Structures are given as structure tokens and as C-alpha cells.
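Heads up, the thing below is written out as C-alpha cells.
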Number of protein chains: 2
Amino acid sequence: MSTAETATSALYAAAADIGIAEPDVHVSGIVADLVAVLVAVTAGEPRVLTLQDARALPSGPFELTHRSLQSGLHAWVERQTHHPLGYVEQLYTFADRDRGLAPDQRVISISYLGLTREQPRGAGEATGWQDWYNYLPWEDHRVGVPPMIDAVVLPALRAFAKSAPTPAVRQDRANRIAVTFGTDGRPWNEELVLQRYELLFEAGLIPEARRGTPDAGPAPVQGRSMILDHRRILATGIARLRAKIKYHPVVFELMPDTFTLLQLQRCVEALAGRLVHKQNFRRLVEQQELVEETGQLSQETGGRPAKLFRFRREVLFERAIVGTKLPISRS
Amino acid sequence: MSTAETATSALYAAAADIGIAEPDVHVSGIVADLVAVLVAVTAGEPRVLTLQDARALPSGPFELTHRSLQSGLHAWVERQTHHPLGYVEQLYTFADRDRGLAPDQRVISISYLGLTREQPRGAGEATGWQDWYNYLPWEDHRVGVPPMIDAVVLPALRAFAKSAPTPAVRQDRANRIAVTFGTDGRPWNEELVLQRYELLFEAGLIPEARRGTPDAGPAPVQGRSMILDHRRILATGIARLRAKIKYHPVVFELMPDTFTLLQLQRCVEALAGRLVHKQNFRRLVEQQELVEETGQLSQETGGRPAKLFRFRREVLFERAIVGTKLPISRS
DNA sequence: TTCGTTATACTCCCTTTGAGCATTATTGGG
DNA sequence: CCCAATAATGCTCAAAGGGAGTATAACGAA
């Protein structure tokens, strides 16, 4: 197509305009990979689909036959899980030089977040669904602040701050610790998943940060590690999801067709890693008309039977951006 | 490095696990481009840096020498504008097959949003800074709803809805029109920039949608067009920025060192495309301690002199996410 | 001096939201 | 059959947030 060629030359003309040379080898050494953070919530626990002895996120090369990145991922995941992907969202594209491979090779990793419902283990799957707090144990505050934070994480981080080369850096590190981990009377902010991971990474408390540098260093913090920067990608996905559930009704992609309000609440809590006030949660969900009664009751474990609800899919059309703003309890 | 190679084989092992074949040609036909939406606000108008007769966003190939995508962009933009990029954020990565090039070639476009202050035109720049509402004239609601919406856009969109093949599609289109353009008593939502662009695109009202199909079709809506999908990328950038200014103090990256509160307000209004309530805006900015007085006054045009303020950079360290939540006026 | 214009200070009121209390409906022992 | 435990559900209250208007102050220009 001549239009296509014109467009390309236009691009390079633009590049030349702003002082960028067209590379000698037009096409070389670049591989694009798709990496997926596939999330499900089962039995009140948040899970992520893993492979390779639970040390990797599913990933694979982007192929020329795919119509678009999104469609590539969709095809790929549905073949894998035999289940429709309710919701897919692009997370981030990385191309850092230190991700592996030789210097003249480069992987561009395009990461996605996908929401689905957990499926029984298929044949050929190496590991399957893992509780995501196995990888980031400091993120689960549902039953209170995890003891490992005070026991292990904060002492190590404070040592890291103390070892700063200048007072300014020291102060900056102290501030980041306080903000991300909610010390000094600051509130815990569940959305800062990535910032916490990166702080720990910088502090050398994450095994991934110490690859290739086999010196002693501080003892790494607990939490299962992953290949390459997959744990960072997982952190990115969790952060995005925790932010998103507050203003967009994506939680329902993780729920069965009908559910009780407590089940819905437990799902939100699993994702957010913290508890919400039950009555306020119901008030919010109902007054926004996110759900409708099925007319049936759940004959669940102990207590008064709960009404079963169903997601009102119409809200996706009625409004643009709605909110399941979590009423977060301080306790 | 053996670790690197192990990691790569691991990736392909993972791919094989989930049913994806390793491509025969390991590296082929993929080019990565960086595209930047560089924003400045001058004289109360929002501008975007363009090239090629104002028909393209600055872009260029991602080179292997760059340490990371972000650093590549930074280097590149600062060489171009001779001005530090205050804030850079990744927007989206596209690889749609219809973006140009031959079928065995593929461009991956990684787009970024960058905030800076407008610079005088340098030599060799084809065009420079353009008011972004030249490209998306339906987005500027500062002086009321643009007449072209009622005169041109809505009639064309309603015709598009009416021409739907089935009643369901018709209803869906009507809903999208109402939600994105705020008809039927719905409020105007300034964040839906991309949704509006895509609706117009689908309706064939955007020249970019009609390339290669030289039939008549409906008359395109006003607004300057761009090469490839650059206008879509611009819409993505504006949407992101409009959302971001509400919870993160990025506006200050566009302001001079010292400014009056009205100047700050005009900047926010320029970005949001709508007016805010002056007194409430001041209340919000001051009670969040986003700014501090310089002690000086501005001897500006007409009226009582205004205090000059300066951004309190400390807030970036003190808090994690703060808000310049716009108090939006209904009028 | 008066008017136009902008800055700045306060007030009002309605909605949202965090938190707690009370009541209802079941199940599973004594 | 009564009672404790467990949930579901209904309701109230107070504080904070946010939209909107009034009032006053300080300047330049006619």
C-alpha cells in the first residue's frame, strides 16, 4: 500500500525533524511479549494464574497474525482457560535493558490485567492459580497489619534509610517508608502496591533485585519470588485493580452469576486487602443500583438466609463511570 | 549471560505450555515507535507540540541504546525542547494491524504524555505548538457548549444511530451518544474524550476513519485531522490528563515558578475544557496546602492585585496521592 | 468619584460517608 | 423448647465534603 509507506516515511521524517536518526538496520533485535496478570477470586481469596512452578506469569510472543494486542491476548487466554475473559485492560509496557537477553536484543513486554473466574486445573498447566498474597505478603491487611511488617519489613527498611549516603536521601527514604507503609500515624493506602514493591526492591530486600550480585546483603523479606520482573508486573496489576474497583464495577467480572452481598463484600475485601464496613457497603451497592434481587435466598452456612443478587449489566450502558467506592473501616 | 538465556527459554517454555508456538523466525518484522503528546498551557490555552504541518505528533523509533522507554523519551524530548520535562507518563501501547505498513511488518507504538512549558519555536521545527481544541473542537466547553455540537455533531450521530442494523445496536448507539455528549439531561463528563472520539470515528465522521474508502459517506465533522491514529493518541492524552489533575498535582508542571490563583485556575480550566467555581477552587487549593505565598503581588491587568504563589513541592513527598479536585460549575 | 474588574473572606445548605445500635431470621446445641 | 451463635437487614447520627451565593477589599480607568 502506498499510503502505508507514505505514513512510515512520514514517521521517519518526523523523527529526523526532531533530531533522531533512522536506525541503520530498519528492523532488528526487537521482540514483543505479552504478559498477563489473570485474576480470579475463589473462596474469598484473590488468585493469579501462574506457570512454571508458580514462578512465572503466563506470557508469550506477540505474533504478526494477531489483529491487535488486545485480540492477541484474548485469543490466547481463552484458549488457555477455556473461559471468557470478562475484562481486559492494558497495564504497562516495559523495555528496560536489564530484563535479560543480550545487549543487541531487546524484549518489549506489554502487560495486561485480565479478570475471570477460576477454572479447574487443566491438563498441561504447570501450577495454576496461586493466592497473590504468597508473593506480596505485606499487602494483606484484612486481619490486621501482618506481623511480618513490624518484625521484618520495617526494621530492614529503616536500616536502608539509615544507610543513605546523604541526609537528603535519608529523609526521602524515611518519607517514602512512612507514606507507603502508613507509619507515623499515616493511614495505610492499599493502592500503593507498586510503590511498596519498588521501595523494597531498591532496599535490596527482594531477591529479584539481587540477581547477578551474589553478595550477602540484607536478608530478603518473605514472599515467593518470580522470574524476571514478573512480580513487579503482578504488583502493577494489583495496584490497578485496587484503584479500579473504587470507581468502576469490575468486581462483578469476578463473581458468579448470583451472589449474596456478603460474598460480594468478601471479594472486594480480598482484592483491597482490607475490610469494609458491612452496612455501608450494602448502602453503597444498593443505592447505586448495581445489583438486582433474584428473588431467591441463599441457604448458606449459619445465620439468617441472605438474598441472592445479580449484577445489573445495564449500568454499564446507563452510565459512564460508576463507583463501588469502598467504605473502608479504620479498625 | 546464561541467566538471561535461561529466562528467555523459560518464557518460551511458558508459551508452549499454554499452546503458543515459538515463532520460526525469532526476530522479525517488528518495529517499536515512541509517540509523545507534549502538553503546555500558554496564555490560557492548552497546546500540544506538533510536526509536519501540524498533522503529526512527535515520534521516532525506539533505539536499542536507550536504557528504558522512559529514558529514551526523556532524552529525546529534552533535546527537542531544550526544557526539562516535568512529568512523563506512559499512555498506551498500540499494535493494530491497520496502522500502516505491509502485513509482515508491524509497528508497536508506545505513546507517552509529557508536561512542559511552551518554548519559543526552535529552528527546524515544522510547526510547533497548536491549540489542542483545533483537533477536537467539541471538547472545549469553557464558554458553553460549542455550537457545532448541536449544529453538526449530534445530528450526524443521530443519523448514525438511526442507521443501525438492529434495534439493539440502535439503542446502544443512542445510549453512547447520550452518555458521552451529555444529552437527555445527563451531565457533560469532560473525561470521556476518547469515548467521544471513538464514537465519532465509528460513525465515520472523522476523516481518519475514511482513509482508503473514498466513497461519499456523511460529511466529516470539523476539526483538524492528523496522520495515522495520532489524533486518537491525542485524545487519549487529553483524557488521561483531565482525569489526573483531579487527584494528582500535575497542573503545576505546566505553570511558571510563581503564579496567581486565577492563573492556576485558568490553566485547570483550559485542560478540563470547562469552568470551575472560583471561590471553591481557592478553598480547595489552599486547604490542601498545595501552594505557599511568595509575599509578592502581581501587578496584572485590571482589578485588585493578586498574591503570587509558588507550588509547595514538598507535598509530593508528604503525601502519596493528593487532589486538585476540580470544583466544576454547572453553568 | 464612580464604575468595572478582580481578589478574597464567609456563610449556607445539601449530600456523602464513617460508625454504631437495634432488630430479624436461621442453625445447632443443651 | 429455649438459648447462644451467626448473619442479614434496617435505621440513626454526626462530621466532612462540596456546590453555590453574598459581601467586602483593592486596584485602574473614565
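None of these values were measured; they are calculated from a predicted model. Order of the sequence lines fixes the chain letters, A, B, ..., with proteins taken first and strands second; residue numbering starts at 1 for each chain. All heavy atoms count here, side chains included; hydrogens, waters and symmetry mates do not.
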*Which of parallel (below 30°), tilted (30 to 60°) and perpendicular (above 60°) describes A:Trp188 and A:His141?*
parallel
_Distance-only donor-acceptor test (3.5 Å): side chain B:Arg282, base C:dT8_ = no
*Could you say whether A:Leu297 or B:Pro305 is positioned toward the 5' end of DNA chain C, judged by the nucleotide with the nearest heavy atom to each?*
B:Pro305
*Which nucleotide in D:dA8, C:dT17, D:dA26 has an atom nearest any side-chain atom of A:Ala306*: D:dA8
*Assign A:Leu262 to base, sugar-phosphate, or nothing according to its heavy-atom contacts below 4.0 angstrom with the strands shown.*
sugar-phosphate
_Just the rounded figure in Å: distance from C1' of D:dA8 to CZ of A:Arg266._
12 Å
_Any N/O donor-acceptor pair, B:His277 side-chain to D:dG18 base, under 3.5 Å_ = no
*How close or far is atom P of D:dA14 from atom CG of A:Asn280, stated in whole angstroms?*
16 Å
*Measure from the side chain of B:Gln279, starting at C-beta and using heavy atoms only, and say which of D:dG21, D:dG18, D:dC11 lies closest.*
D:dG21
*Return yes if a side-chain donor-acceptor contact under 3.5 Å exists between B:Tyr112 and B:Gln90, otherwise no.*
yes
_Distance, rounded to the nearest Å, where A:Glu293 contributes CD and D:dA8 contributes P_ = 14 Å
*asked:* Pick the closest DNA chain C nucleotide for B:Arg283 and for B:Leu261 by heavy atoms, then say which residue is nearer the 5' end.
replied: B:Leu261
*Sub-3.5 Å donor-acceptor pair from the side chain of A:Tyr133 to the main-chain atoms of A:Ala270, do we have one?*
yes
_Below 30° counts as parallel, above 60° as perpendicular, anything between as tilted: where do the rings of A:Trp138 and A:Tyr197 land?_
parallel
*Does A:Lys278 have a side-chain nitrogen or oxygen under 4.0 Å from the phosphate oxygens OP1 or OP2 of D:dA7?*
no
